[in-house]
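Down below is the structure, laid out as structure tokens.
All chains are named by letter (A, B, ...) in the order of the sequence lines, taking the proteins before the strands, and each is independently numbered beginning at 1.
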Amino acid sequence: MKTPTPLDHKDTRSGFGAGLLELGKSNPNVVALTADLAGSLKMTDFQKAFPDRFFQVGVAEANMMGIAAGLTIGGKIPFTGTFANFSTGRVYDQIRQSIAYSNKNVKICASHAGLTLGEDGATHQILEDLGLMKMLPNMTVISPCDYNQTKAATLAIAEFKGPVYLRFGRPSVPNFTSPDSKFTIGKADILCEGKDVSIFATGHLVWKAIEAADVLEKAGINAEVINIHTIKPIDKEAILTSIRKTGCAVTAEEHQLNGGLGDTIAQIMSRYFPTPLEMVGVEDTFGESGKPEELMEKYGLTVENIVKKVWKVIERKGKS
Amino acid sequence: MTALELAKRIRIHAVKMTAHGKSSHVGSVLSIADILAVLYNDILRVKPAQPDWKDRDRFILSKGHAGAGVYAVLAEKEFFPTEILNTHCQNGSSFSGHISHLGIPGVELSTGSLGHGLSVGVGLALAAKMDKKDYRTFVVMSDGECDEGSNWEAILFSSHHKLDNLIAIIDYNKIQSIAPVKDTIGLEPFADKFISFGWNVSTVDGHNIDDLKHTLSAVPLCKNKPSVIIANTIKGKGISFMENKVLWHYRSPQGEELERALKELETLHTK
């Protein structure tokens with residue numbers, strides 16, 4: 001399989017904005033709410049086109065989540081938009097009781113996740129959101145890799161009945177998935193096939209995993225890269241099929257290792273097919289203010305670190 | 001059945017359920033029994049045989065700890081058989097202490113963690129306005145629950161959006177879980193707070209059936225404004241040794257207490 005090449009560079013949040021606008025046209029039940037962050041979430045096109053279905057709730061995230069739950073009882077499909085930080089930890093109790101336990105059809109759309117939020121610093125750089133949300137029963141958790149996939153995921157979650165957490169980010173990143181690809185919740189994308197190691201990545205780290213596979217190819221290592229865009233329900237079969245073939249894995253994510261993608265994959269591997277595993281992610285620390293790419297560098301969320309972990313896991317496989 | 005009779009039955013069920021389930025909050029149920037009775041007997045447009053009827057009025061109990069009262073009124077209104085009420089707080093039962101929607105027709109939302117119900121009610125009222133539907137949304141809240149900041153977010157929002165199809169009813173029994181409201185976080189001047197937030201306020205005797213019926217019978221109570229009904233109530237109302245006693249927030253009546261409570265309810269006459 002040929003590795004993908006970027007079509008252009010775009011921010012994933014704009015993919016959400018484009019998807020939301022399209023939903024506005026195709027689905028009259030779709031309603032959007034924001035807690036004073038319409039511009040940051042790229043919701044302004046929807047706001048202009050469908051003012052009667054757009055609600056500015058002010059800086060009041062808890063109320064926004066409750067209103068969204070209520071709108072579902074009235075037959076609407078509400079999409080809430082704020083930063084990932086304020087979409088999860090700040091309103092966890094509202095989500096847990098009024099959305100997850102009550103199984104309401106709310107789509108929690110969260111931008112500026114992770115270190116790539118950049119200069120605003122640690123208070124806003126949530127690295128725990130995937131863990132918080134995947135722990136909730138009934139909650140589907142999605143972390144797309146680029147603009148096109150975020151747009152496709154936005155469209156797909158409107159069709160799906162049940163609470164969803166959709167995570168995306170701020171910076172412009174390579175946009176490499178096909179604009180025509182349909183998004184299937186819970187089905188991992190095999191981006192390139194390989195036999196020596198499985199690299200499972202999510203969000204912004206997917207492109208870095210592809211670049212790492214190129215580097216490894218030149219050194220004679222044949223890596224399989226799999227985009228885990230749905231953290232929950234995770235595609236257990238795709239993961240197991242891959243590691244049964246390669247015998248080792250590296251995970252990569254812009255998130256704490258505690259509670260993130262690597263954590264879920266470690267559970268699957270240890271329960272069903274114990275093999276060496278290495279993880280790329282943030283190791284139990286908060287972020288800090290800085291330029292997005294420099295922060296990714298500092299915290300090891302890089303192509304080089306993925307390559308390094310691959311060498312390490314292959315060495316461990318050789319010894320086991 | 002009259003609302004008066006229904007209120008009495010709610011109280012009897014609640015006492016039996018909390019006794020049998022050895023569960024808490026009987027005092028909190030007794031203080032809203034008359035409100036629930038008037039709502040379900042005379043005000044709410046609901047169809048027990050068709051609980052998901054699209055045009056139904058929506059009712060949310062935000063003070064989820066008083067779930068026994070709602071279970072009781074729904075059973076009396078034949079959403080499900082009354083016999084099932086004795087499974088309250090038993091293993092395997094849907095009828096948990098804090099109200100749950102799971103497997104219980106007529107319950108719109110699970111609550112228990114306080115300060116959620118009003119925002120959800122706002123969402124419902126908003127959906128009705130968008131669809132130009134005339135169903136109304138009623139949210140019963142506790143006084144202690146008004147400490148939660150999320151309520152005030154919802155209060156701000158609903159006056160901004162002129163949600164006159166939203167009615168909050170506050171069970172103002174003036175006692176929260178372990179102390180009087182005034183010694184915990186005082187709410188007074190309570191009505192003034194709502195007025196300054198752009199709400200229409202009515203103050204009623206929460207145990208006077210006629211007063212409640214009269215106030216609730218003409219929704220919207222005030223065009224273009226959400227309404228709050230501050231219902232002055234008595235925690236533990238209807239059972240002499242429970243009335244105004246903080247003890248009965250958590251205690252369940254057992255043995256002789258249970259017999260006395262039921263005997264008093266049998267002879268109870270509310271105004």
Side-chain angles (χ1 to χ4, degrees), chain A residues 24 27-36 50-80 82 86 89-108 136-138 161-163, chain B residues 51-60 62 64 96 98-104 107-133 135-139 141 148-161 163 165-166:
Chain A
N27 191 334
N29 287 325
V30 167
V31 175
L33 305 99
T34 187
D36 206 12
F50 308 102
D52 296 341
R53 288 195 269 149
F54 182 83
F55 297 100
Q56 171 58 267
V57 302
V59 192
E61 294 83 5
N63 189 37
M64 177 166 72
M65 293 304 168
I67 291 176
L71 284 164
T72 68
I73 309 176
K76 305 295 175 196
I77 308 173
F79 282 63
T80 66
T82 182
F86 311 137
R90 184 173 179 94
V91 290
Y92 201 62
D93 190 43
Q94 272 72 22
I95 295 175
R96 182 178 177 277
Q97 176 174 287
S98 295
I99 297 175
Y101 177 61
S102 294
N103 208 7
K104 301 300 186 212
N105 194 24
V106 177
K107 314 304 170 186
I108 302 163
L136 291 171
N138 292 338
K161 197 158 192 289
Chain B
D52 294 332
W53 173 45
K54 274 192 167 174
D55 295 330
R56 69 193 182 278
D57 284 337
R58 268 61 167 188
F59 173 79
I60 289 172
S62 191
S96 54
H98 293 256
I99 195 163
S100 173
H101 71 290
L102 274 181
I104 306 181
V107 177
E108 305 280 359
L109 183 78
S110 300
T111 55
S113 179
L114 297 171
H116 287 215
L118 188 58
S119 292
V120 177
V122 170
L124 269 162
L126 206 53
K129 290 277 183 194
M130 290 173 76
D131 293 342
K132 299 190 171 40
K133 295 259 188 184
Y135 67 79
R136 298 90 45 93
T137 300
F138 297 83
V139 182
M141 303 162 67
E148 295 281 5
S150 53
N151 286 318
W152 299 95
E153 297 179 2
I155 292 164
L156 265 179
F157 181 96
S158 30
S159 53
H160 181 91
H161 287 275
L163 299 178
N165 53 353
L166 174 68

> Quick one: what part of A/Val91 sits under 4.5 Å from any heavy atom of chain B, side chain, backbone, both or neither?
Replying inline: neither
>> Among A/Gly75, A/Gly58, A/Gly74, which residue has the highest count of heavy-atom pairs closer than 4.5 Å to chain B?
In response: A/Gly74
>> According to side chain to side chain contact (heavy atoms under 4.5 Å, CB included), who are the partners of A/Ala32, at least two apart in sequence or on a separate chain?
In response: A/Leu20, A/Met43, A/Phe46, A/Phe54
>> The test is side-chain contact (heavy atoms from CB on, under 4.5 Å); show your working for A/Lys76 and B/Asp131 and say whether it passes.
In response: CA-CA 10 Å; A/Lys76 305 295 175 196; B/Asp131 293 342; 2.5 Å; yes
> If you count heavy-atom pairs under 4.5 Å between each of A/Ala69, A/Pro78, A/Ala60 and chain B, which one has the most?
Replying inline: A/Ala60
> Which pair of non-hydrogen atoms, one from B/Ser119 and one from A/Asn63, has the smallest distance, and what is that distance?
Replying inline: OG-OD1, 2.6 Å
> What are the two closest heavy atoms between A/Ser98 and B/Val120, and how far apart are they?
Replying inline: OG-CG2, 4.0 Å
>> With a sphere of 6.0 Å drawn around CZ of B/Arg56, does it hold more than 12 non-hydrogen atoms of other residues, nucleotides or ligands?
In response: yes
> Non-hydrogen atoms of chain A under 4.5 Å away: do they reach the side chain of B/Ala128, the backbone, both or neither?
Replying inline: neither
> In terms of heavy-atom pairs under 4.5 Å with chain A, which of B/Asp52, B/Leu109, B/Leu118, B/Val122 leads?
Replying inline: B/Leu109
>> For B/Thr137, which atoms come within 4.5 Å of any heavy atom of chain A: side chain, backbone, both, or neither?
In response: neither
> Under 3.5 Å, is there a donor-acceptor pair linking the side chains of A/Asn103 and B/His101?
Replying inline: no
> So, for B/Met130 and A/Asp52, which heavy atoms are closest and what is the spacing to 0.1 Å?
Replying inline: CE-O, 3.6 Å
> Side chain, backbone, both or neither: which part of A/Arg96 has an atom under 4.5 Å from a heavy atom of chain B?
Replying inline: neither
> Within the distance-only criterion (no hydrogens, no angle test), does the side chain of B/Arg58 pair as donor or acceptor with the backbone N or O of A/Ile73 below 3.5 angstrom?
Replying inline: yes
>> For the CD atom of B/Glu108 and the NZ atom of A/Lys104, what is their distance to the nearest 0.5 Å?
In response: 7.0 Å
> Looking at B/Gly115, B/Ala125, B/Gly123, which makes the most heavy-atom pairs under 4.5 Å with chain A?
Replying inline: B/Gly123
> Minimum heavy-atom separation for A/Gln97 to B/His116, with atom names?
Replying inline: NE2-ND1, 3.2 Å
>> Quick check on B/His160 against chain A: is it the side chain, the backbone, both or neither that has a heavy atom closer than 4.5 Å?
In response: neither
>> Please rank B/Ser110, B/Ser100, B/Gly121 by heavy-atom pairs under 4.5 Å with chain A and give me the top one.
In response: B/Ser110
